[in-house]
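All ligand and atom numbering here is 1-based and tracks the order in the structure.
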Amino acid sequence: MRALFFSSQSYDQDSFSAAPVVDGLELHFLPTRLNEDTAILAAGHEVVCAFINDDLSAPVLERLAAAGTRLIALRSAGYNHVDLAAAKRLGLTVVRVPAYSPHAVAEHAVALILALNRRLHRAYNRTREGDFSLHGLTGFDLHGKTVGVVGTGQIGLAFARIMAGFGCQLLAYDPCPNPEVLALGARYLALDQLLRQSNIISLHCPLTPQTRHLINIQSLGDLQPGAMLINTGRGALVDTPALIEALKSGQLGYLGLDVYEEEAQIFFEDRSDQPLQDDVLARLLTFPNVIVTAHQAFLTREALAAIAGTTLDNIARWMVGEPQNLVEG
Ligand code: NAD
């Protein structure tokens, strides 16, 4: 059996090569992003292994199914990019990696908080230029500040634990409160109340029709002036043009993004020798109080090893007719 990996980078090949071999399975890696034009490359591969910015809409799934694909093995936890109704109609099985390292993503959210607060991105550039001045670098103690966690599943819990360790007060918003987050002393509130009371807000909920543009022009009005927003969830949880207005007015004091609504056409590639075509992202990158990372929160050795291990196990179980980690609409 043959599996084709779309959007695979050298670090993916390294982690999959280091994982236990599945008997009877050949792995083929392509850096190409999956879309309507590239789906034909999967001809002859019963398994397609896809990542977060691959296009798994109905027209792409139709092409894959027509070319003989039967299993879509996602190398991600999130599956908002898959048309599950179309997959079901076409008889395609979809599996995912429900958990790899919640710590990887939670720790990256904290890295963004610390870098923004203590202006490490600016200090790094300054000292390298021989500028050892401190003006404009004043931060604040995290100890005693109020942190709002939106989505308190595996990643939200790992994040809440770290922030509790800094001595922060925790607020939470989630339709399903997590007893382990409550045990940290967190209070669950309605979203508008959380936004009003938090100095720092971090998004850890999935992208669904209910959470699309959860942070928008109205909800940004609920923020404390100068609050910090961190998004390592999915780009479309926030309305990016509204963030730009809030940054310009000072309502939003700091912004850390690991995800961007239009990232599929931009992230994971070196585009440093081309003009940036996305004017919204280009504007965001001009603010001194904004840090954008290119969807790298998952990128730790431990997470990559776990993604490879679970993905190969998912494929092996499907090959023997005992699929696991199914995603169903
Ligand atoms: P999880 O399923 O363990 O937790 C998600 C939580 O969000 C659940 O507690 C759920 O009840 C809650 N939730 C659902 N709808 C909500 C809503 N309307 N408002 C508030 N909370 C809501 O998932 P997880 O493993 O913690 O991952 C969370 C998200 O992080 C994923 O869906 C994915 O989009 C994102 N993620 C990003 C990266 C990255 O590299 N940046 C990596 C992995 C995951």
Side-chain angles (χ1 to χ4, degrees), residues 7 9 11-12 15 50-54 56 74-82 84 96-113 148-163 170-184 186-195 198 201-216 219 229-238 256-261 263-264 266-268 291-307 310-311 325 327:
S7 298
Q9 306 283 340
Y11 49 79
D12 293 309
S15 57
F51 201 45
I52 40 187
N53 287 329
D54 286 315
L56 291 155
L74 302 175
R75 305 198 293 281
S76 59
Y79 51 87
N80 52 280
H81 55 316
V82 188
L84 293 175
R96 67 176 181 132
V97 182
Y100 36 94
S101 168
H103 310 292
V105 183
E107 289 170 15
H108 190 75
V110 177
L112 288 171
I113 291 172
V149 189
V150 177
T152 53
Q154 301 171 87
I155 296 171
L157 169 63
F159 173 79
R161 283 196 176 122
I162 300 171
M163 298 319 289
L170 296 175
L171 301 178
Y173 170 70
D174 192 310
C176 303
N178 182 337
E180 290 182 86
V181 173
L182 283 167
L184 294 170
R187 281 190 299 133
Y188 278 85
L189 296 176
L191 181 62
D192 61 334
Q193 288 303 318
L194 177 146
L195 296 178
S198 299
I201 297 111
S202 193
L203 306 181
H204 300 291
C205 56
L207 177 63
T208 64
Q210 292 74 38
T211 60
R212 180 172 294 274
H213 291 185
L214 191 72
I215 302 298
N216 53 45
S219 50
L229 177 69
I230 304 293
N231 186 11
T232 58
R234 283 289 179 268
L237 294 175
V238 301
L257 297 180
D258 185 51
V259 284
Y260 173 54
E261 191 164 2
E263 70 179 52
I266 304 167
F267 284 7
F268 303 142
I291 297 180
V292 177
T293 52
H295 211 135
Q296 73 174 78
F298 73 98
L299 196 65
T300 65
R301 284 192 296 274
E302 291 78 2
L304 289 171
I307 289 170
T310 304
T311 301
N325 295 323
V327 188

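Atom 7 (O) of ligand 1 has as its closest protein heavy atom P206 CD, 3.2 Å. With respect to atom 3 (O) of ligand 1, the closest heavy atom belonging to the protein is Q154 N, 2.9 Å. Considering only non-hydrogen protein atoms, atom 4 (O) of ligand 1 sits nearest to G153 CA, 3.2 Å. Among protein heavy atoms, atom 37 (C) of ligand 1 sits closest to T232 O, 3.1 Å. At the shortest separation from atom 39 (C) of ligand 1 among protein heavy atoms lies H295 NE2, 3.4 Å. The closest protein non-hydrogen atom to atom 11 (O) of ligand 1 is D174 OD1, 2.7 Å. Among protein heavy atoms, the minimum distance from atom 18 (N) of ligand 1 is reached at T211 CG2, 3.2 Å. If you check which protein heavy atom lies closest to atom 15 (N) of ligand 1, you get P175 CG, 4.1 Å.
Remark: among candidates T300, L203, L257, I155, the nearest residue to atom 26 (O) of ligand 1 is I155, based on non-hydrogen atoms.
Among the atoms of Y100, none of the N or O lies under 3.5 angstrom from an N or O of ligand 1. Between A77 and ligand 1, not a single N/O pair is under 3.5 Å apart.
The contact set between ligand 1 and V105, taken as ligand atoms under 4.0 Å from a residue heavy atom, comprises 38 (C), 42 (C), 43 (C). Taking every heavy atom of F298 and a limit of under 4.0 angstrom, the matching atoms of ligand 1 come to 40 (O). In the vicinity of G151, heavy-atom distances shorter than 4.0 Å reach the ligand 1 atoms 7 (O), 21 (N).
Taking 4.0 Å as the cut-off, P102 does not count as a neighbour of ligand 1 on heavy-atom distance. Heavy atoms of C205 approach ligand 1 to within less than 4.0 angstrom.
Checking side-chain atoms of N231 against main-chain N and O of L257 turns up no donor-acceptor pair under 3.5 Å. Put simply, the side chain of D12 never gets that close to the backbone of S15: no donor and acceptor are under 3.5 Å apart.
Contacts between L214 and ligand 1 below 4.0 angstrom, taking non-hydrogen atoms only, are absent altogether. Under 4.0 Å from ligand 1, the heavy atoms of H204 that appear belong solely to its backbone. When non-hydrogen atoms are compared, ligand 1 lies under 4.0 Å from the side chain of D258 (C-beta onward) but not from its backbone.
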For this session: Evaluate the side chain to side chain contact (heavy atoms under 4.5 Å, CB included) criterion for residues F159 and I113: first the C-alpha distance (whole Å), next the side-chain angles of each, then the deciding distance (0.1 Å), finally the verdict.
Result: CA-CA 11 Å; F159 173 79; I113 291 172; 3.7 Å; yes

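A pairwise comparison of heavy atoms in P98 and N325 identifies CG-OD1, 3.3 Å as the closest pair.
V82 pairs with exactly one of V327, D54, L74 by the side-chain contact (heavy atoms from CB on, under 4.5 Å) rule, that one being L74.
Considering only heavy atoms from C-beta on, S7 stays 4.5 Å or farther from N53 through its side chain. By the 4.5 Å heavy-atom criterion applied to side chains, F267 and V292 are counted as neighbours.
Ring geometry, Y100 versus F298: the interplanar angle exceeds 60°, so the pair is classed perpendicular (tilted spans 30 to 60°).
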